[in-house]
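This report refers to the structure that appears directly beneath it.
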There are 2 protein chains.
Amino acid sequence: MPLYYQLSQQLEAAIERGRLAPGSLLGNEIDLAARLGLSRPTVRQAIQSLVDKGLLVRRRGVGTQVVHSQVKRPLELSSLYDDLEAAGQRPATRVLRRTPRPATAEVAAALGVAEGAEVLLLERLRYAHDEPMAYLRNHLPADLIDCDSERLESTGLYRVMRAGGITLHSARQSVGARAATQEEAGRLGEPDGAPLLTMERVTFDDTGRAVEFGSHVYRASRYSFEFQLLVRP
Amino acid sequence: MPLYYQLSQQLEAAIERGRLAPGSLLGNEIDLAARLGLSRPTVRQAIQSLVDKGLLVRRRGVGTQVVHSQVKRPLELSSLYDDLEAAGQRPATRVLRRTPRPATAEVAAALGVAEGAEVLLLERLRYAHDEPMAYLRNHLPADLIDCDSERLESTGLYRVMRAGGITLHSARQSVGARAATQEEAGRLGEPDGAPLLTMERVTFDDTGRAVEFGSHVYRASRYSFEFQLLVRP
DNA sequence: CAGGTCCGATTGTCAGGACAAATGCTTGAC
DNA sequence: GTCAAGCATTTGTCCTGACAATCGGACCTG
């Protein structure tokens with residue numbers, strides 16, 4: 001484990017436990033490095049990673065201060081399944097459909113394949129505490145992974161992809177709202193015309209290839225997106 | 001202007017213009033540094049900033065590759081006014097209310113002030129192309145800035161804050177949806193019960209002080225949040 | 001007392017060097 | 001022909017050293 005990483009972990013833990021009070025100075029980098037027996041660049045790298053996380057603020061001529069907390073976790077490309085699990089919500093999935101199908105113009109554009117080319121259509125219902133939570137509709141390139149329904153019911157799509165050797169890199173998302181159709185309302189246990197939270201997402205791996213196009217709807221009465229943003233300096 | 005910044009700008013421009021093709025190797029850092037007359041750490045710092053932006057991918061033993069694009073701009077703490085302006089949407093604002101008022105329990109908790117303490121309530125209607133777009137309701141600490149209605153109508157709240165010497169640092173957001181009340185529907189020109197996109201946000205400055213608590217509703221028929229996410233490694 | 005000026009403290013930038021770790025290709029053995 | 005070992009390439013980590021830019025307070029001056 002790299003030294004700068006160990007140090008940043010220690011500092012983060014110290015901040016978390018209140019051993020480093022919010023607003024307090026961290027002590028200058030030169031002394032800190034000498035005291036730890038490290039070089040200044042190494043110490044700087046550790047500090048920088050915490051600055052990027054929003055836990056610290058640097059000011060030239062002044063020092064490095066612990067930010068007055070409230071920072072929990074910045075927005076990351078997360079899986080609904082993992083989020084629910086982390087929140088202790090007992091997530092579960094029912095696979096409604098898993099079938100090849102020719103790509104429509106919209107899907108083809110999103111995935112960067114030819115219109116009419118075969119893609120895998122996935123329709124799932126996601127539960128939390130045995131209550132329906134979201135209706136998930138995904139399109140994947142046909143030959144990307146073999147995702148049997150069994151594995152998809154016991155975990156999230158992203159975990160299946162990662163296990164299949166795909167390195168997720170970035171995603172383009174769009175979050176909106178609309179009224180539920182009759183069919184959607186029935187599936188999710190909402191009244192007709194109830195407001196739904198919608199999310200469209202195209203996910204890319206580190207070669208820039210689109211690996212997933214998702215069109216999801218969430219019950220607005222039971223779900224909202226929560227996240228933390230940092231100002232990029 | 002720092003050297004590493006100049007270099008990262010040049011590289012970014014080269015990628016943008018296609019002079020560096022997606023998927024192509026960048027050439028090893030040692031040669032690059034020698035060719036440019038820079039040290040390797042400087043070159044690495046420039047490359048690292050583009051990796052953080054999602055434009056490049058590094059692989060030990062292989063090299064640094066240009067990612068297959070699609071990356072536009074990562075999610076940042078942005079102002080609706082600036083976003084609309086950047087999209088050429090002719091933003092405009094009408095200030096409906098600007099009045100001191102004692103903080104409710106919810107507002108007090110969000111801003112970290114005492115319940116009943118005086119805060120500034122701000123209600124605005126945001127237009128795009130002369131069409132109502134969103135109803136913005138903000139609470140600010142009473143003595144934070146003097147924001148006359150005039151300035152608020154000609155620009156966004158964040159710009160007023162920055163001009164007042166406040167350094168924005170982070171925000172905690174929550175995005176959801178619900179049906180419009182009769183009053184909201186009337187104000188926004190939507191039918192009763194129309195789905196609305198909601199956003200709550202507490203914004204902090206770099207000392208950790210809460211500087212704003214906003215509860216906004218957007219016409220779902222005319223607005224959605226679009227952003228780009230990167231996987232944090 | 002008010003205002004500007006200087007100075008110490010601290011982070012920001014940059015150079016140059018050394019070794020470790022991972023990757024992919026080549027080479028060699030069976 | 002196939003598989004494994006080795007080697008070159010490239011990024012990852014870490015060190016030392018130096019100077020610049022900025023901030024805040026102390027100090028001096030009017």
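Note: hydrogens, waters and symmetry copies are ignored here, and every other heavy atom, side chains too, is used. Order of the sequence lines sets the chain letters (A, B, ...), proteins ahead of strands, with each chain counted from 1.
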OP1 or OP2 of [N] less than 4.0 angstrom from a side-chain nitrogen or oxygen of [X], does that happen here?
X	N	value
A:Arg40	D:dG17	no
B:Thr42	C:dT13	no
A:Thr64	C:dT10	no
A:Arg59	C:dT11	no
B:Tyr4	C:dC14	no

[X] [atom1] to [N] [atom2]: how many Å, rounded?
X	N	atom1	atom2	answer
B:Tyr5	D:dA21	OH	P	18 Å
B:Asp31	C:dG16	CG	C1'	16 Å
B:Gln65	C:dG24	CD	P	10 Å
A:Asn28	C:dG8	CG	P	16 Å
B:Gln48	D:dC14	CD	C1'	16 Å
B:Leu3	D:dC19	CG	C1'	13 Å
A:Glu29	D:dG17	CD	C1'	15 Å
A:Leu26	C:dT11	CG	P	8 Å

For the pair B:Phe225 and B:Tyr218, name the ring-plane relationship: parallel under 30°, tilted 30 to 60°, perpendicular over 60°.
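Perpendicular, since the angle between the ring planes exceeds 60°.
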
Interatomic spacing from CZ in B:Arg172 to CZ in B:Phe213 - rounded to 0.5 Å:
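Reported value, rounded in 0.5 Å steps: 12.5 Å.
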
Interatomic spacing from CZ in B:Arg124 to CG in B:Leu136 - rounded to 0.5 Å:
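Interatomic distance, B:Arg124 CZ to B:Leu136 CG, rounded to 0.5 Å: 5.0 Å.
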
Contacts to DNA chain C from residues 32-39 of chain B, heavy-atom cutoff under 4.0 Å, which residues?
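Going residue by residue through residues 32-39 of chain B, the ones with a heavy atom under 4.0 Å of DNA chain C turn out to be B:Gly37, B:Leu38, B:Ser39.
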
Looking only at atom types and distance, does a side-chain atom of B:Glu12 sit under 3.5 Å from a main-chain N or O of B:Leu50, one as donor and one as acceptor?
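Checking the backbone N and O of B:Leu50 against the side chain of B:Glu12, no donor-acceptor pair under 3.5 Å is found.
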
Applying salt bridge (charged side-chain N to carboxylate O under 4.0 Å, His left out), name anything that partners B:Arg19, two or more places apart in sequence or on another chain.
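None.
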
Verify whether one side chain among A:Tyr4 and A:Gln48 offers a donor that lies under 3.5 Å from an acceptor in the other.
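Short answer, no.
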
Given B:Glu106, B:Glu212, B:Glu200, B:Glu123, the one that forms salt bridge (charged side-chain N to carboxylate O under 4.0 Å, His left out) with B:Arg137
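Exactly one option meets the salt bridge (charged side-chain N to carboxylate O under 4.0 Å, His left out) with B:Arg137, and it is B:Glu123.
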
On DNA chain D, compare the nucleotides closest to B:Arg60 and A:Pro41; which residue's is nearer the 5' end?
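Here B:Arg60 is the residue nearer the 5' end.
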
Can you tell me which nucleotide in C:dG24, D:dT13, C:dC14 comes closest to the side chain of B:Val62?
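Within the option list, the nearest is C:dG24.
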
